[in-house]
Structure formats: structure tokens, C-alpha cells
Amino acid sequence: MKITNEIINKHGIKPHEFKKIISLIQKEPNILELGIFSAMWNEHCSYKSSKKYLRTLPTNNKKVIQGPGENAGVIDIEDDDALVFKIESHNHPSYIEPYQGAATGVGGILRDIFTMGARPIAILNSIHFGSHKHIKTKNLLNGVVSGIGGYGNCVGIPTVGGEVKFDDSYNENILVNAMAVGLAKKNKIFYSKAQGINQPVIYVGSKTGRDGIHGASMASAEFDDNTEEKKPTVQVGDPFTEKLLLEACLELMKDDSIIAIQDMGAAGLTSSSVEMASKGDLGIEINLNNIPCREKNMTPYEMMLSETQERMLLILNSGKEEKAKKIFNKWGLDFSIIGKTTNSRNLVLNFNDKEVANLPLSSLSINAPVYDRKWKKNENQKKVNMQKNFKSFKILDSFKKILISPNNSEKSWVWEQYDSTVMADTVQKPGGDSGVVRIHGKNKGIALTVDSSAHYCLANPLMGGKQVVCEAWRNLIAVGSNPIAITNCLNFGNPEKDKIMGQFVETIDGISQACTYLDFPVVSGNVSFYNETKNKAIAPTPTIGAAGLIKNLNYMMTKNIKEIGSHILVIGKTLGHLYQSEFFREVLFFKDGPPPEVNLFNEKNNGYAIQTLIAKKLVNSAHDISSGGILLALTEMCISGKIGAKIKIPNDNISIHEYLFGEDQSRYLVEINEKNIKEATNILKKNSVYYEIIGKTQKDKLNVDKEFDIKLSDLSKLNSFWFKNYFKEN
Amino acid sequence: MKISAIVTLKKDVLDPQGKVVSQTLRNMGYDNIINVRQGKYFEIELNEINKEKAKKKVEEICKNLLTNIVIEDYTINLK
Amino acid sequence: MKSAVIVFPGSNCDRDVAVALEKFHIKNQMVWHNETELPKCDLIILPGGFSYGDYLRTGCIASKSRIINAVIKHEKNGGLILGICNGFQILIETGLLPGVLLRNKKLRFLSKNVFLKALNINNHFCLYYKQKKVIELPIAHNEGSYFANSNLLQNLEDNNLIAFKYCDQKGNIISDANPNGSSNNIAGILNNKKNVLGMMPHPERLIDPILSGEDGSLMFKSLFNSPT
């Protein structure tokens with residue numbers, strides 16, 4: 001086949017990139033080779049636009065066993081245990097086929113975890129949809145939620161946390177970010193780096209079909225009007241096979257049969273074979289006639305670029321093939337020896353006794369393009385004069401509007417569709433600040449959270465980047481854990497536009513500053529660009545997944561109020577920042593202005609103080625104050641504890657609106673018993689932590705100064721109204 | 001008028017259910033099974049007497065709701 | 001008391017059940033679906049999960065497994081069988097329990113804690129629920145709406161074969177407390193001989209105070225202490 005400009009263009013390769021290919025491989029590529037380049041050089045696999053900036057993130061400290069660059073990050077969680085985790089996007093496929101797109105997103109991230117020798121123990125997700133009024137939103141929401149559940153529930157991994165958000169900017173580009181967490185033994189972690197020559201290369205899992213060919217390229221292109229017509233094939237997930245693959249891999253991992261292992265994810269066989277061989281500085285030779293195929297007459301091009309799910313590539317110690325084969329056959333999975341490692345440093349593909357591709361691996365990996373794209377500084381939003389006087393809005397009426405808004409509604413409609421208790425180690429289910437899972441057979445636990453704050457990031461990417469890391473940190477602190485590390489999923493528009501690239505650069509800077517200050521390294525992650533349709537990009541949405549350790553589960557904290565008559569304290573200073581708050585957005589429909597300031601010193605200092613209070617057993621319940629402000633946080637604590645509260649605004653420098661709805665950072669609400677209040681406040685004073693005692697807990701009513709007095713059950717009804725009403729379940 | 005529509009996964013799309021059913025049938029001794037693929041069957045009753053118009057409506061329904069043309073095909077039968 | 005947990009491809013609560021059995025001193029063995037014989041045991045557990053991906057009909061393909069004949073024989077000899085969630089669905093497809101489990105009324109998967117009332121405690125499984133007015137256990141299923149025709153329902157009620165019904169926190173059996181649309185709020189049933197129990201809630205998931213409750217423990221305690 002003649003390689004025309006049209007074909008090159010269809011493969012998403014720019015003319016100057018094609019020239020670079022020729023100079024790297026000293027020949028004109030054939031169509032198969034071009035396909036391989038297209039897969040390896042696209043944004044999704046090569047990180048060509050983001051690499052320069054990702055390198056600036058802090059990725060190491062003494063707890064990090066493996067940072068970015070592997071299938072997932074690995075951290076030390078004491079004893080001989082290691083925690084393996086990563087977050088990944090599956091945005092484009094989920095928009096095209098919500099159920100399968102979301103399902104295969106979960107499948108892919110689970111494989112990244114068990115590839116490393118870890119048994120998955122938890123799943124989390126962050127999903128963003130367009131306005132609830134947009135015609136597609138209902139079906140997309142329903143499809144994505146049931147797809148995530150359908151896959152995770154079947155494999156039998158509990159979903160313990162996540163977030164669901166709505167905003168116009170996602171109308172044509174939804175976000176589906178899934179995080180998986182696994183548990184391994186420190187000395188039994190498996191990597192993707194090939195070692196040794198003439199070692200057998202093994203294909204295991206499902207048969208290869210014509211699924212999602214060029215899916216990775218699709219994830220790196222903007223949508224246009226025709227996208228729905230030409231919809232490329234979307235992969236269908238088979239969680240049942242995934243479960244078998246999981247068990248078979250973990251069974252084989254019990255001894256030393258495996259040298260290297262990698263999931264066939266985006267760009268399937270191509271990226272897995274290239275990455276494994278490149279990391280080991282070796283060559284790899286594959287006989288494509290040995291690939292198990294689902295369809296007749298599949299071409300080498302289709303085999304190399306197929307994105308059929310539930311497949312793995314292994315390099316075994318030679319001599320272990322029979323033993324491994326037995327295990328995979330027991331689980332009813334395909335097992336085929338498809339090639340070997342070589343010392344050529346080339347990728348060589350044979351088919352029907354002919355060499356059909358031969359490429360130097362360096363041209364696909366280290367010599368792949370890296371761009372220093374143009375970017376411009378964001379025009380950060382400044383404080384502007386409000387047209388309406390917000391002080392005339394009644395507190396209770398305003399609060400009710402916030403409570404029934406989709407973004408602030410209680411989301412059990414979503415959580416209930418995810419099995420949160422399978423594996424019988426879930427200590428905190430979705431709905432709290434973090435999900436908590438027990439380390440099986442021990443009395444320690446892991447706290448997990450995912451967070452994003454796109455509104456803040458759009459208004460000021462640098463501040464937003466900092467804020468979202470702090471939010472995750474705070475969520476881990478609030479359940480009594482010691483934050484360890486994060487994984488990030490960076491969702492942005494088209495990086496070829498300087499404005500979008502600027503958002504990306506500044507967000508990374510913000511994340512980097514916060515992570516460095518909090519000693520909270522990034523150990524894995526994923527970048528999703530081109531979330532843009534007809535020139536309209538999503539709001540910059542970095543999603544942070546974070547993990548913390550609870551050494552002794554008896555010290556775990558929850559947000560539900562425990563006792564009547566205890567004190568309620570606001571930890572951290574309330575300045576009354578209302579720009580970008582839920583009050584401004586949902587009540588005044590006002591979306592301009594800067595996000596709240598992040599003060600990293602206060603963040604850390606306040607967090608440590610909360611840790612001390614929890615460690616001394618002085619706190620009954622604790623909750624992070626985030627979007628919605630003090631009033632929403634307090635209401636959530638009351639509803640979940642079925643105990644009310646009576647509060648007074650302690651300071652008259654700011655208005656009651658600013659006090660109750662302000663979204664200043666670094667704050668927590670805590671409940672402290674009368675007998676502990678003295679000791680607790682002494683600790684806070686000693687550590688220069690600002691606090692205010694705002695009231696006491698009481699029976700089943702929430703009472704705010706002279707403003708209102710309302711039954712918790714009424715608030716609870718309002719808060720759980722929206723989803724049921726949207727899906728007509730009332 | 002009653003019209004039926006059968007929705008199946010496209011030829012090249014993985015059908016996990018069909019795969020398990022065909023394996024099970026083989027295990028049960030039906031050794032001449034080559035392949036099983038599973039689909040959905042709909043019976044749609046319309047207030048329409050013109051056959052062509054009815055067929056067109058059902059086609060529209062298939063495209064807009066019953067199938068996702070990314071992974072599924074449909075066939076329509078008039079009764 | 002000795003037990004055997006049958007592991008089907010796609011079972012995913014097999015480990016959780018094994019952990020619970022061990023905690024309550026029941027000697028357990030795992031049995032792969034492809035076996036034809038069972039180890040010597042008093043109790044068989046069909047665990048929860050998605051055997052064969054729940055494809056075709058939940059529990060249907062597992063009910064054609066090679067081990068099933070041995071399970072049926074075990075029942076004939078008076079041995080105990082407990083089916084939890086997917087295990088309940090398999091028992092129904094096998095014919096060891098009557099009725100059928102349909103998709104949840106709201107047509108979505110439901111994972112949450114529910115309240116139950118034990119209606120029949122005079123069996124090997126439920127003896128320790130005697131003191132408990134209301135039991136709290138998690139459910140996690142998509143097809144848990146028990147359906148039976150009126151004759152069968154009458155028969156189950158008359159012969160006291162309904163082990164558990166969904167109720168509210170105070171123990172009232174009302175439709176608001178029915179999570180999935182089950183006929184008569186049924187959450188679990190016994191066979192005529194009362195040696196087979198099928199139930200949708202998961203006792204093995206609540207055997208520890210740190211997991212918000214221990215009501216599941218009572219079932220394993222009952223089994224451990226029941227005469228073999």
C-alpha cells in the first residue's frame with residue numbers, strides 16, 4: 001500500500017513528524033509501521049505535550065517505592081505491605097458508549113494494578129457531566145454509573161469513594177476518571193521491564209478482535225460534528241474474563257516465573273511490547289501467526305493496534321511455560337507463546353514467514369517527539385462588584401437551593417449502584433470525606449479520596465491546582481489518616497492552543513507547589529488532552545486521587561455527629577470568601593471572581609493539629625469544610641449522625657452569608673465533648689491554630705442563630721431529593 | 001401495527017454472554033456448537049397503518065434508542 | 001462442623017465466606033466447580049459473586065457445573081446448604097429452592113445495609129437470631145427481587161419457610177422497607193426440610209464491630225453450634 005499524505009494525516013501524524021520518522025528509521029514506513037508510530041507517538045502514549053511539565057512534579061520521598069513510569073505507583077504502608085495505585089481517564093469512549101466506555105475504564109485501571117502483583121482492594125471514580133438540563137446528560141449519567149458498577153461489582157472490588165459533578169463545560173465532553181488501589185507485598189512487586197535475551201514472550205487473556213482500533217488516537221483528537229457518525233469501534237468489556245485473568249495472574253505470581261508483565265491497554269500489543277522491550281534496553285520479536293484471534297483473516301495491522309480488553313503480555317523465565325500454561329488453562333484463558341526477547345533493540349514482527357515490520361525501539365520510545373508548546377498566562381479572575389446585594393437573600397431559602405442542587409445533593413443514588421462492601425474490609429463507605437478499607441487480616445487501614453475543583457481551576461489554574469491537592473489532603477486528615485501520596489488525572493482541552501496549554505502549565509505548577517510543601521508526592525497519573533468539541537474546551541479539571549495510612553483503625557474518624565451536648569468547633573480562619581462558591585453559583589447564578597486563597601502553611605498546620613486531636617482521642621467527629629461552606633458541612637455531619645446542632649455566628653466582622661457559605665480553605669468542623677474541650681483548645685492554642693466554638697449539638701434540629709430552626713429530616717429530604725426526582729424514582 | 005426489531009452486537013464486537021453460553025453448551029455435550037451470539041428482541045406496537053411509514057418510525061426508534069450504532073446492529077420485521 | 005465453599009469462575013465472595021467460617025471455628029475447604037466429588041462436610045456454601053459473569057440468567061450457568069450433582073446429593077442426604085446472593089440464585093436455578101429472583105424493581109444494582117426480621121429461627125442457620133428483633137446486613141445485588149405465584153407464596157407463609165423479610169429499623173415489615181420489590185418482602189427462604197437456606201443479604205460481610213456491625217456473626221455461630 002502506498003503511504004499517501006492522506007493516510008499519514010488519518011493516522012494523526014503531522015508532516016514534520018513523518019519526516020522525523022523517516023530520518024529515525026532510515027526508510028519509508030509501511031502501513032503497519034506507520035500504524036505503530038501513530039499509536040506510540042500520539043499524545044495518549046507519548047505524553048509529548050505534557051512530559052516537560054510532568055517532570056517538574058515531586059515524585060519521591062522515603063515512602064515511595066515506585067513513582068511514575070510504571071503501570072502504577074507503589075508506596076510503603078509499613079510492615080511488609082505496599083500500596084499500588086493509579087488513576088486514569090476514559091473520557092472519549094464513555095461519551096460515545098457510556099456503559100462500555102466507563103466499564104472498560106474500570107477494567108483498564110484494575111489491570112494496571114494487578115499487573116504489578118497487587119490484589120485490587122478498592123476502586124474510586126470521579127465523573128463529570130454536562131448540565132443536568134442538557135439533552136444527553138441523563139443517559140450518559142445512567143450509562144456511566146451502571147457501567148462502572150457493572151464492571152467493578154462483577155470483578156468483586158469494592159467502590160469506596162468518588163465524586164459526581166455537573167457543569168456546562170462538559171456538555172459535549174464528559175469525564176470518567178477511575179482510580180484503583182491494590183495491596184502487594186513489598187518484596188513481591190512486578191514490573192514491566194524486560195530482562196534477559198531469548199526469554200519467551202507470552203500472550204494471555206481474551207482473544208484479539210477488531211475492537212477499538214485506533215482508540216488511543218481517538219483519545220488524542222478533538223470531537224467534531226461527524227464524530228458520532230464515524231464513531232470508531234468502542235471496546236466491549238468482559239468483567240468475567242477480567243476476574244479470571246486477575247486470579248490467574250496472581251496465581252502465577254506466587255513464584256518467580258514472571259520476569260516482566262504489562263497490561264495490553266491503549267494501543268494494545270504495540271505499546272505493551274514496545275514499552276517492555278525499551279525499558280529493558282532489549283529487542284523483541286513476535287510471530288503474529290501465534291496471536292489468538294477472535295475473527296478470521298485479521299491482518300497484522302489489526303492485531304497490533306487492536307484494543308481488545310482483558311489481555312496481558314508476559315515475559316517468562318524460559319522453562320516456566322508449561323507451568324504457566326496450566327494455570328491459565330485452568331481459568332479458561334488463552335495462553336500463547338508469541339515471541340522472544342532479543343538483543344537487537346528492534347521490534348520485529350513476522351507474519352506468514354515474512355518479516356512485516358522492523359523498527360528500532362528507540363524511535364518509538366526515547367526518540368518520540370517531545371514538544372515545548374506555546375502557552376500563555378491565564379487571565380486570572382479578579383474580584384468584581386456584585387450587581388445584586390447578596391445580603392438580602394434569606395439564609396434558609398438560599399441554603400435550600402444549595403441542598404437540592406445536583407452538585408451538592410446527597411449521591412446515594414450513585415453509590416448504591418456500586419458494591420461498596422464486597423471483600424468485607426470496607427470500614428468507611430462512600431459519602432464521607434474519604435473511603436477507608438482495612439488491610440486484610442490486620443487492624444490498619446487505608447484512607448482514599450478523589451477530588452477535583454474545576455471552577456476554581458478555570459478562574460485561576462495555579463490556585464486551583466494548589467487547592468485540589470489540599471482538598472485531598474484534608475479529606476485524608478479528616479478520617480484520621482496520615483496522607484502519603486497522590487495520583488493525578490489531568491483533564492484538559494487542546495494543548496495546541498496556547499490558552500489551554502497555559503492552563504495546564506499553571507495547574508501543574510500549583511499541584512507541584514502544594515505537593516512539595518505537604519510532602520505529598522505524585523506516584524502515578526495520566527493526562528487527557530483534547531477534551532474539546534467544536535472549539536469549546538472543558539474547564540481545566542485536574543483530578544487528584546490520594547491515599548493515607550491509618551496505623552490503628554481504632555483511631556479512625558468519621559463525620560457523623562456522635563453525641564448530644566458536645567461542642568462544635570470551626571478549625572481554621574473563616575474570612576468569608578464567596579467568589580466561586582456554591583452560594584454565588586447556585587443562588588445568585590454568579591460565576592465570576594477568584595477562587596479562595598490557599599495558604600499552604602495554614603493547611604499543614606491546621607491538618608497536623610487535627611491529627612493530634614484525633615490521636616489523643618479528643619474528637620468525636622470531623623469533617624472537611626469545602627464547597628458549600630460551614631453550613632453545608634455541618635448539615636452533612638448532622639444528617640449522617642442523626643443529631644442536630646445549634647450554632648451562633650461568633651464574629652461580626654463578616655456577614656452571616658460570608659460566614660456560613662464562604663469557602664475559605666484549610667478549615668475543618670469538629671465535634672468535641674465537654675470533658676475534652678479544655679485539652680483540645682489548649683492544643684490548638686499551643687500550635688497557633690485559629691479556632692472558633694460555634695455551638696453545641698442537640699436533638700434532631702438544626703438551629704442557626706436567629707435565622708432558622710429546622711428539622712434534620714426535612715433537610716435530609718431536600719438533600720436526597722434531586723437524583724431520585726431526576727430519574728423519576730419518587 | 002406490530003413490528004419487531006432484533007438488536008444484535010455487530011459482527012466484530014465481542015459478545016461476552018454469547019461466548020460463555022457457547023462454551024457451556026459445549027461442556028454440556030452439544031459438541032457441534034460453533035458459535036452463539038446473544039441479542040435483544042423488541043415488539044413494538046404502533047398506531048400507524050401505512051407499512052412504510054411504520055417501518056420508518058421503527059427504524060428511527062432503533063437508531064435513537066434501542067441500539068447504540070457504535071456496537072450494535074438491528075433488523076426490523078413487519079408482522 | 002465442617003464446611004465446603006464451592007468456587008465458580010466469577011465467584012467473588014468465596015474468600016469473605018471462608019474468612020467468616022474460619023473466624024467461627026468451622027473447618028472449611030474450598031471446592032473448585034469442576035470437581036465431581038465433595039470432601040466430607042456438613043455444610044455447603046454457595047458464595048456470592050457473578051458466577052460466569054451472570055451471563056444468560058444469574059446462577060443459570062453455574063447450575064450446570066460438574067459439582068452440582070454432588071451438591072444435590074448432599075441435600076438429599078440431609079446435609080446443610082447455604083446460598084448467599086449469587087448462591088441463592090444458583091440454588092433457585094438448580095431447583096433446590098422454589099421461585100425466581102428477578103431484577104430489582106428500580107432496575108439498578110443496590111448496595112446498602114438493610115434491616116431484616118428473622119421469621120423462622122428453628123433451623124440450623126438462624127438459631128442465634130432468637131434474641132434479635134431486627135437484624136442489619138448489607139445487600140449488593142442487581143437481581144434480588146424474589147417472585148413466586150400466590151400458591152407458592154401461601155405455601156411458604158403457611159409452612160413457615162420464609163427465613164428473613166425486609167423490615168424497617170423498628171422491625172415493621174412494610175413496603176417502604178423493601179429495597180428490591182420482593183414479593184412479601186422476602187429476603188431469604190428455606191426448603192421444606194429446612195436444610196437449605198437461600199438469602200440475598202450477606203452475613204459474611206458483617207462479622208466485625210469495626211465494619212459497623214456483627215449481625216452476620218450470629219448465623220455462623222448458629223451453624224457452629226448446631227448439632228451435626
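Throughout, a chain's letter reflects where its sequence line sits, starting with A, and its residues are numbered from 1.
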With a 4.5 angstrom heavy-atom cut-off, could you sort out which part of [X] is near chain C: side chain, backbone, both or neither?
| X | value |
| --- | --- |
| A/Asn142 | neither |
| A/Val155 | backbone |
| A/Ser420 | both |
| A/Leu553 | both |

For the student: nearest non-hydrogen atoms of [X] and [Y], plus distance:
| X | Y | answer |
| --- | --- | --- |
| C/Ile210 | A/Asn443 | CD1-OD1, 3.9 Å |
| C/Tyr55 | A/Asp238 | OH-OD1, 2.6 Å |
| A/Val422 | C/Cys13 | CG2-SG, 4.1 Å |

Just wondering, are more than 12 heavy atoms of other shown residues or ligands nearer than 6.0 Å to [atom1] in [X]?
| X | atom1 | answer |
| --- | --- | --- |
| C/Lys40 | NZ | no |
| A/Glu563 | CD | yes |
| A/Lys562 | NZ | yes |
| A/Tyr555 | OH | no |
| A/Lys207 | NZ | no |
| C/Glu214 | CD | yes |
| A/Lys442 | NZ | yes |

Which residue out of [options] racks up the most heavy-atom pairs below 4.5 Å with chain C?
| options | result |
| --- | --- |
| A/Thr241, A/Val427, A/Val436 | A/Val427 |
| A/His440, A/Glu247, A/Glu242 | A/His440 |
| A/Gln428, A/Lys243, A/Met423 | A/Met423 |

Could you tell me whether A/Lys330 sits above the aromatic face of C/Trp32, with NZ or CZ closer than 6.0 angstrom to the six-membered ring centre and within 45 degrees of the axis?
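Verdict for C/Trp32: a cation-pi partner in A/Lys330.
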Under 4.5 Å from a heavy atom of chain A, the part of C/Pro9 involved:
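For C/Pro9, heavy atoms of backbone and side chain both lie under 4.5 Å from chain A.
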Chain A contact via C/Tyr52 - side chain, backbone, both or neither, heavy atoms under 4.5 Å:
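Both the backbone and the side chain of C/Tyr52 come within 4.5 Å of chain A.
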Interface residue of largest heavy-atom contact number with chain A, from C/Gly53, C/Ser51, C/Gly49, under 4.5 Å:
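Among the listed options, the one with the most contacts to chain A is C/Gly53.
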About how many Å separate [atom2] of [Y] and [atom1] of [X], when rounded to the nearest 0.5 Å?
| X | Y | atom1 | atom2 | result |
| --- | --- | --- | --- | --- |
| A/Gln417 | C/Asn142 | CD | CG | 8.5 Å |
| C/Leu110 | A/Tyr418 | CG | OH | 13.5 Å |
| A/Ile157 | C/Asn12 | CD1 | CG | 8.0 Å |

Indicate yes or no for a side-chain donor-acceptor contact from A/Asn153 to the backbone of C/Ala140 under 3.5 Å, with no hydrogens or angles considered.
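Between the backbone of C/Ala140 and the side chain of A/Asn153 there is no qualifying donor-acceptor contact (under 3.5 Å).
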Check: A/Glu416 main-chain N/O paired with C/Ser111 side-chain donor or acceptor under 3.5 Å:
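Not a single qualifying donor-acceptor pair exists.
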Evaluate the salt bridge (charged side-chain N to carboxylate O under 4.0 Å, His left out) criterion for residues A/Asp425 and C/Arg15: first the C-alpha distance (whole Å), next the side-chain angles of each, then the deciding distance (0.1 Å), finally the verdict.
CA-CA 12 Å; A/Asp425 282 315; C/Arg15 184 197 75 173; 3.4 Å; yes
Ionic contact status for C/Lys112 with A/Asp419, cut-off 4.0 Å
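Result for this pair is no, no salt bridge flagged.
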With a 4.0 Å cut-off on N to O distance, would you call C/Arg108 and A/Glu729 a salt bridge?
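Yes, this pair counts.
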Side chains of A/Lys429 and C/Asn113: any donor to acceptor distance under 3.5 Å?
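Their side chains do contain a donor-acceptor pair, which is all the 3.5 Å distance test asks for.
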A/Thr426 side chain near C/Arg205 side chain, heavy-atom distance below 4.5 Å
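The answer is no; the side chains never approach within 4.5 Å.
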